[in-house]
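Reading through the structure tokens given below for one structure.
Lettering follows sequence order; numbering is per chain, from 1.
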Amino acid sequence: MSARDFKATLRLPEGAFSMKADLAKREPQWLDRWNKAGLYRAMLERPSEKTFVFHDGPPYANGNLHYGHVLNNTLKDFVTRCRTILGERVKFIPGWDCHGLPIEQNVERALGPKMRELTPMQRRAKCRDEAQKWVDAQSAQRQRLGMLGTWDAPYLTMQPAFEARVLEALAAFVDRGLVYRGLKPVWWSSAERTALAESELEYEDDHKSPSVYVRFRGDHAVSDKLRERFPTLREGGPVSAVIWTTTPWTLPANRALAVHPELEYVLLERSKRDGSVEYLLVAEPLAKSVIAACGWNTPELLPRTMHGAGSAFVGKELEGLVFSHPFEERRSPIVFADYVESTAGTGIVHTAPGHGREDYNTGVKYGLEVYSPVDDAGEFTEELGPVAKSWGIVGKHVFAANPVISAKLEELGVLCNADGAFIVHRYPISWRSKKPLLTRATVQWFIAMDEPMKGGVNPGKTLREVSLEEIDRLAKDGALAQEQGAEARGWVPAWGRERIHGMMFARPDWCISRQRAWGVPIPALHCEHCGHPNLSSALVRHVAKLFASQGADAWYDENAPVVPEGFCCEKCGATHGFTRDASILDVWFESGSSFYAVCASDPDLGFPCDLYLEGSDQHRGWFHSSLLVGVATHGQAPYKTVATAGFVGEKVQVAQPDGKMKTVLKAMSKSDIEKKRQGGEDVSVYDPQKVIAADGAEILRLWVASNDYTDDIGLSKAAFDQVKESYRSIRNVLRFLLQVVRGEVVETVAEVGAALQPIDRWQQQKLVALVARCESAYRHFDFRAVVAAVSEFLSDASGFYLDVSKDWLYNDYKSDRVRSTLAVCDAMVRSIAVILAPILPFTTEDVWDHLPRRKDDPTSVHLCMWPKLSCEHDSTLDDAVRVVRELRDRANLAIEPVVSAWGAEKKAAQQEKRVAGEDEVRWPESARIDHPRDADVELDVSEGDASILRPLTGVLAECLLLGALTVNVRDGVPRTRAVRGAKSACVRCRRRIRDVDSASGLCVRCSTAVARWDAEHPAPSAG
RNA sequence: GGGCCCAUAGCUCAACGGGUUAGAGCGCCUGGCUUAUAACCGGGAGGUUCCGGGUUCGGGUCCCGGUGGGCCUACCA
């Protein structure tokens, strides 16, 4: 008669939750299901305590999603989901930035020369299609990440309602007296005849530019002034200020010479071969290099430093001096500028306000003329001075004119160095034509940073002042929140304040106009009679109304009523004859107005927003422009909290100066990836779409959640492999919990009530702590702390609590301790599903699907509320478990050498077997311990510890996973002894325990369980 | 060139206002189980906290200076 197989009487883990996630295949199915069920709407319609206004910064509708988007969008979705699950209402309206030059150029590239034949309206229609194409593509890609949002009703900056609100925001600036028209240098591509934005610049590393040192002669007044200081200055020895430039073509536009007020300057006395002398003014630290560059260091020409009362003097002392332009009949005064450096050039900077931003700023400060005699094609115009004109360079491209100008400088004897000298440096080129750019002053619309504001909130203060105050108000609020331990507010992380403050402090006036077609027009009307550009707020609001119904295309529609009835020129009163302004608004103005267009007017949202979350580059971009618009329209920042993410880089090994290798983050470059691809490397990890297709969006989400997103994040195959590993480990413990619960509706912890066993109560306490920890982490946007806390919790549960409870979960039959443990396991799996739902929406839904529904259970984990577990914390249980685990470690240490010696013996025997054919293992049977449950351990426990572990005394052997355990309560050096347990193990629970009945092979516990099982399961009549 | 930021185990991260022997998860090595099995359990190795100074009784933590890296910015005029 064969022994009875008791397997059927055990309560073994079972369930259909697969070990393999198969995410790539299954994620789309869940998405589909959620869509059909209207999950997000259901989430929004739940009763909630408060509304959390989370405003999407619009990505640019151009190209597929890259890792920056993945990082950013995933974080946004964590926020939407965790705030929702914490009981708030989060209506996330995804948006897109649809206007602007890159889209226009995509279209131009596709259409080629045909573009020119189209009317502005037709061109705009093409651009709209192009933008919409990318909106659709990105929308699908963002949704594939699992992102929640009102995808059927996004906001687009090209929607008429949005365009109208942008103009209303502009009207607010006009009302506050901040909008003006001015002349200002911009990056200009002569090849494309257009201004370029920062993002459209590329840099050529080895660009060759001419390098010229030029004399600016000083008159008698200069000589006289300097003689006060340097009495030996010879009468008739000309004095010149020496400048250096790489753009000789800007010399016709020279209007001043800039020196640093604190920099030291010297006069060089240079004796020429003919016996005459000249005096050259340069910065002291640069004198040597200027002498070298100009070839003055031959012995007979060696200049001497002029020594006066002091060896040198500071730039300040040059105040009021005026020098002569090298070829035109005009004067160049000395001005002061902080940007003048002592590391390159001569320390005296040729200043052409029409051809450089710094020069321009200096020009504004000193009231210099912004003069730029260059047209759209980059060619000199008739505005050139008479001398330059006489050189025949009118109509010549400025770069082509460079050699002519150098040659003339030499002819005139004002060139210090050799004609034809050049330098190699980094220089901006057009991203499209790759042609070098020039800076050129053009007439543009501006917003004044430093004009006192009229009306509204904070009248009399400037835009810059209020903006800086707002930046600090947020910072203070954030500090206060931190002090109070409240959820994170203000600048997150706090150093965001430094970044945006520095930028706001130093920024120039905001140039809001662009000479393009694809955007929101600046609705100015130019009077044909007097030339006045009319831009009143009434006019702007009139056009806004028109745009609201017809879209911004109306501006390009001859028949649209853009001129209000009864309109007359502000300046001359003319009632007809108006030309529409040809510029559009900077796209940053549009996106900066998004809170105004999307949130402020939506009853579900409001002003200010609770949160903006973008990459830290947006301190310059969206955070910045939104702040300015917020101050103009509402007198305050449009957000309460600004959270920032870093950048995604690539992990690479780099040799350090000391020869050691170090892993370092490098910015990802397309060309590097392309090189790898050509080198046969697998580059799919660099394409998020490919990662999603292979491993699922969940892996990307977990990757984001395990990193410190406030810093830059590294990308590598190894990084993803690790994420996949941690995913599996989380998934497997959840799987085991599900298998323990086995799809049965088990009692809740509350229902178990007083029958809750101490060990289960302890685990429940841990769970309560975990829930609290994760809530706090979510409120601080600290997602990685959630993942870390849950991982550690699950790993600990797997290694101790679950391992220990297996004994009774499998072997008891409907005992109180099974009820008790099942209740806690159920609570664990449910709580953790909810905790992780914001980060792993797919997996947690999978878990939820495998849990039986209780009454009131929602159909989706995403409709669950945050776990509300109550459990008074009993710290004596913590102490008891601590002692138990110490004993467990001691027992394990005692058993380990026996187990591993046995293992070594067995291995040796197996090898020997192959040689000698022996079957028997020689290790004495009495000493064999394969598994802790074979062991019989005797432990000394101090009286103190014995008392501490009293709550768990009843399950001590199980906690130590042992077959049998003898505890000797005695103080002194504790002894631990492990031997093999009883001769025969219980055939059912496999414990080598003393009370095994030799007939049945069952221990007492198991025979009771079997008897009860048999009673409830009448055997079938036969067999 | 300027502003802001980062650097702790192979990887991702901890270490409350300076205070025991710098921890965890994953990986790695190793042994076991075969009732979580492409799983699980035990044991173990692995750190000059980037470098150099300073303050301090005491520095991963604070200060200064480097090195490497990132973002933003800048017509090296």
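A search for salt bridge (Lys or Arg N to Asp or Glu O under 4.0 Å) contacts involving A:Asp934 returns A:Arg992, not counting sequence neighbours. Here A:Trp808 pairs with nothing under the ring pair (Phe, Tyr, Trp, His ring centres under 6.0 Å) rule; sequence neighbours left out. Every residue two or more places apart in sequence or in another chain was checked for a ring pair (Phe, Tyr, Trp, His ring centres under 6.0 Å) with A:Tyr727, and none qualifies. Under the side-chain hydrogen bond (donor to acceptor under 3.5 Å, both in side chains) criterion, A:Asn892 pairs with no residue at all, not counting sequence neighbours. Residues that satisfy the side-chain hydrogen bond (donor to acceptor under 3.5 Å, both in side chains) test with A:Trp703, not counting sequence neighbours, are absent from this structure. In this structure, A:Trp588 has no ring pair (Phe, Tyr, Trp, His ring centres under 6.0 Å) partners at least two apart in sequence or on a different chain. A:Asp672 is linked by a side-chain hydrogen bond (donor to acceptor under 3.5 Å, both in side chains) to A:Ser669, counting only residues two or more places apart in sequence or in another chain. For the side-chain hydrogen bond (donor to acceptor under 3.5 Å, both in side chains) test, residues two or more places apart in sequence or in another chain that qualify with A:Thr710 are A:Asp708.
When distances run from any side-chain atom of A:Arg784 to the nucleotides B:G70, B:C13, B:C75, the shortest one goes to B:C13. Each of B:C72, B:A77, B:C33 was ranked by its minimum atom distance to the side chain of A:His931; first place goes to B:C33.
Under 4.0 Å is where a charged nitrogen must lie from a carboxylate oxygen, and between A:Asp796 and A:Lys766 at least one such pair does. Ion pairing between a basic and an acidic side chain is recognised when a charged N comes within 4.0 Å of a carboxylate O; A:Arg888 and A:Asp803 show such pairing.
One can place CG of A:Leu738 at 18 Å from P of B:A39, the figure rounded to the nearest angstrom. Going from atom CZ of A:Arg991 over to atom P of B:U35 covers 17 Å, rounded to whole Å. Summarising the geometry, the separation between CD on A:Gln484 and P on B:G17 is reported as 18 Å, rounded to the nearest angstrom. One interatomic measurement links the two molecules: OH of A:Tyr810 to P of B:C33, which rounds to 17 Å at whole-angstrom precision.
In this model, the phosphate group of B:C13 is approached by a side-chain N or O of A:Asn707 to a distance below 4.0 Å at OP1 or OP2. For A:Arg990, a side-chain nitrogen or oxygen approaches OP1 or OP2 of B:U35 to under 4.0 Å. For A:Lys651 and B:U12, the shortest distance from a side-chain N or O to OP1 or OP2 is below 4.0 Å. Contact check, A:Arg728 against B:A39: a side-chain N or O comes under 4.0 Å of OP1 or OP2. Phosphate contact (OP1/OP2 of B:A36, side-chain N/O of A:Ser798, threshold under 4.0 Å): absent.
Nearest heavy-atom pair, A:Leu409 versus A:Leu251, reported as atom, atom and distance to 0.1 Å: CD1-CD1, 3.7 Å. Taking every heavy atom of both residues into account, A:Lys651 and A:Ser716 meet most closely at CB-CB, 4.1 Å.
Remark: A:Thr644 OG1 to A:Asn72 CG distance equals 10.5 Å, nearest 0.5 Å.
Among the protein residues, A:Asn732 comes within range of the nucleic acid bases, having at least one heavy atom under 4.0 Å from a base atom. Using a 4.0 Å heavy-atom cutoff across all strands shown, A:Gly646 reaches no nucleic acid atom at all. Contacts of A:Thr246 with the nucleic acid, taken as non-hydrogen atoms under 4.0 Å apart, involve only primed sugar atoms and P, OP1 or OP2.
Side-chain atoms of A:Thr9 and A:Arg988 include a donor-acceptor pair closer than 3.5 Å. For the residue pair A:His355 / A:Thr247, no side-chain donor-acceptor distance below 3.5 Å is found, with atom types taken as modelled.
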(request) Represent RNA chain B in dot-bracket notation, 5' to 3'. Only Watson-Crick or G-U wobble pairs with both distances under 3.5 Å count; pseudoknot-style crossings use [ ] and interstrand partners use |. (result) (((((((..((((.....[...)))).(((((.......))))).....(((((..]....))))))))))))....
Every protein N/O lying under 3.5 Å from an N/O of nucleotides 6-9 of chain B:
unit_1: B:C6; atom_1: O2'; unit_2: A:Asp711; atom_2: OD2; d: 2.8

Review item, nucleotides 43-47 of chain B N/O atoms under 3.5 Å of protein N/O:
none

Please write out the pairs of protein N or O atoms and N or O atoms of nucleotides 25-27 of chain B separated by less than 3.5 Å, giving the distance to one decimal.
unit_1: B:G25; atom_1: N2; unit_2: A:Gln722; atom_2: NE2; d: 2.9
unit_1: B:G27; atom_1: OP1; unit_2: A:Glu725; atom_2: OE1; d: 3.2

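Here the separation of B:U49 from B:A15, taken at their C1' atoms, is 11 Å to the nearest Å.
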